[in-house]
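One structure is given here, and the rest of the page talks about it.
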Amino acid sequence: MQRERRIDVLLATSVTVGILGQWLATSYVVTDDLHVASLLTALPELAPATWLLQTLPVFFFTSGYAHGGEGASAALRLRPTLTFLLAWGAGLTVLSVNGFSLAAIREILGPVLQPLWFLVPYLLLTAVAPWLRRAVLRYGWGTALVPGVSVALVDLARFTWPELGWLGSVNAISAWAVPFLLGLAWRQGRIGGAWLLSVGGMFAAMLIALGDYPVGMVDVPGAPVSNIAPPTTALLALGCAQCGLAALAGDRLGRWAEDCRVAVLISDAAFPLYLWHPTALALISLATVQLGPIAGLTSPPTSTTWLTLRIAWMPLCVMTLIGLLALARPRVPKPHAGHSSL
């Protein structure tokens, strides 16, 4: 079965944009101690850009599509995850020996471990993909309504009664199940991208304008409400719009995608790339911590000038990430042709 390069392009785009978005907004600020800061705290007017930079819905959408065929498996994801956890287990020892305070270590681990938040729902969804595929075959895209309604009800409960805030953890699975199921439906030709884009986009805008949801779709330290931790109805609506846009783009990629070899490389490494990219920024920041605040790297993100300087650090972040992947790369057989390594 021929590999679908359009899925490689969509997955590679979502992973690349998501990684660059976090690198551009997050800083390990060196002052008297070390703490994590976000550019969005100083420049909240940039929050609408996160509507494009928060690409996890497309990641789950393309993953659903990839697992819509026979033989797809997520077993290979456990090995890089174990390597990652073992590496940071040793890293904690190194940090402690070098005099980092417990508070600083917690600050370092916050962004570094953030990718693990999607690991449990991802592994769960891919494990039950055969049953979900049969449900979509029977009920079509309407299957996604069940987790979608669940997310809305959980938000209603926890915003109405703050003592029920713990219910938000349910959304960590339900919210990501929706784009995964939509990906399965797209593979079966059961959804249209145009209506997903329009309805999802309008619903997201309405929720933000009339509800208590923030504009930003990424986690901002110190913000009273987050759209991502846990996922909210606003993020879900935006995710549906992104899935619609991805479906429209995928339907039009055509032959161009067949020649996009870079997308294949990024797609095959999508999981470890997303897992390790915060570590790359952390390592660069920690390696220079003795030098004090460095403009655009470990200085406070407070202006567009800082953002411009941070862009200049991107090549070093990329090279560090490639090095980490080379060191952590497991020796495994290539995935079955016909779908990405998801």
Side-chain angles (χ1 to χ4, degrees), residues 13-59 103-118 204-205 208 212-232 234-235 238-239 242 273-289 291-321:
T13 300
S14 69
V15 170
T16 301
V17 171
I19 290 174
L20 291 177
Q22 182 162 354
W23 281 348
L24 289 173
T26 305
S27 176
Y28 289 95
V29 176
V30 177
T31 52
D32 294 335
D33 206 343
L34 185 146
H35 68 277
V36 176
S38 172
L39 180 64
L40 296 176
T41 302
L43 298 176
E45 61 270 21
L46 296 180
T50 62
W51 285 44
L52 296 177
L53 297 177
Q54 176 52 268
T55 56
L56 270 177
V58 179
F59 183 97
I105 291 176
R106 287 175 177 171
E107 289 286 315
I108 293 167
L109 290 181
V112 162
L113 299 182
Q114 195 172 41
L116 296 180
W117 281 101
F118 82 92
I208 291 172
D212 296 323
Y213 299 101
V215 176
M217 294 295 165
V218 297
D219 198 25
V220 178
V225 180
S226 170
N227 274 318
I228 188 66
T232 63
L235 176 61
L238 175 67
Q242 290 183 342
L273 278 169
Y274 198 82
L275 193 61
W276 285 96
H277 79 273
T279 299
L281 179 59
L283 286 180
I284 296 171
S285 302
L286 293 173
T288 59
V289 70
L291 302 177
I294 299 176
L297 182 62
T298 55
S299 62
T302 57
S303 65
T304 53
T305 300
W306 183 93
L307 179 60
T308 302
L309 293 171
R310 172 51 68 90
I311 292 174
W313 286 100
M314 290 297 97
L316 181 58
C317 292
V318 171
M319 289 187 291
T320 303
L321 179 55

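The analysis underlying the following values was restricted to heavy atoms, covering all of them including side chains, and did not include hydrogens, waters or symmetry mates. The shown structure was predicted, so the numbers you read here are calculated from the model rather than taken from an experiment.
- Looking at heavy atoms from C-beta onward, Asp212 lies out of side-chain contact with Val225 at the 4.5 angstrom threshold.
- With Asn227 contributing its side chain and Gly216 its backbone, the two residues share a donor-acceptor pair below 3.5 Å.
- Under the 3.5 Å distance criterion, the side-chain polar atoms of Thr50 are left unmatched by any main-chain donor or acceptor of Leu53.
- Judged purely by atom type and a 3.5 angstrom limit, Trp23 uses its side chain to pair as donor or acceptor with the backbone of His277.
- For Ser285, there are no side-chain hydrogen bond (donor to acceptor under 3.5 Å, both in side chains) partners at least two apart in sequence or on another chain.
- Test Ile294, Val30, Leu283 against Thr288 for side-chain contact (heavy atoms from CB on, under 4.5 Å) and you get one pass: Ile294.
- Looking only at distances, a side-chain donor or acceptor of Gln54 sits under 3.5 Å from a matching main-chain atom of Leu56.
- Rounding to the nearest 0.5 Å gives a distance of 11.5 Å between SG of Cys317 and CD1 of Ile311.
- Here Leu113 contributes atom CG and Arg106 contributes atom CZ; the two are 13.0 Å apart, rounded to the nearest 0.5 Å.
- Side-chain contact between Glu107 and Tyr28 is absent, with no heavy-atom pair separated by less than 4.5 Å.
- Of all heavy-atom pairs between Leu43 and Ser303, the closest is CD1-C, 3.7 Å.
- Side chains of Leu40 and Pro44 form no contact here, defined as non-hydrogen atoms less than 4.5 Å apart.
- Remark: side-chain polar atoms of Trp313 are paired, donor with acceptor, to backbone N or O of Ala295 under 3.5 angstrom.
- Within the model, atoms OG1 of Thr304 and CG of Leu46 stand 8.5 Å from one another, a figure rounded to the nearest 0.5 Å.
- Taking CD1 from Ile208 and OG1 from Thr232, the interatomic distance works out to 8.0 Å, rounded to the nearest 0.5 Å.
- Using a 4.5 Å heavy-atom threshold, the side chains of Thr41 and Ser38 count as touching.
- Contact check for Leu297 versus Ile284: side-chain heavy atoms found under the 4.5 Å cut-off.
- The backbone N or O of Val218 sits nowhere less than 3.5 Å from a side-chain atom of Gln22 that would complete a donor-acceptor pair.
- Taking all atoms of both residues into account, the shortest heavy-atom contact from Pro301 to Ala42 is O-CB, 3.4 Å.
- Thr16 places none of its side-chain heavy atoms less than 4.5 Å from the side chain of Thr13.
- With Trp306 contributing its side chain and Ser299 its backbone, the two residues share a donor-acceptor pair below 3.5 Å.
- For Ala234 against Ala204, the heavy-atom pair with the smallest separation is O-CB, 4.0 Å.
- In this structure, Leu39 and Leu307 have side chains that are in contact, with non-hydrogen atoms separated by less than 4.5 Å.
- Going from atom CG of Leu281 over to atom CD1 of Ile108 covers 11.5 Å, rounded to the nearest 0.5 Å.
- Aromatic ring pairs are classed by plane angle as parallel below 30°, tilted from 30° to 60° and perpendicular above 60°; the pair Phe59 and Phe118 is perpendicular.
- The line from CD1 of Ile19 to CH2 of Trp276 is 13.5 Å long, rounded to the nearest 0.5 Å.
- With a 4.5 Å cut-off on side-chain heavy atoms, Ser27 and Arg310 count as touching.
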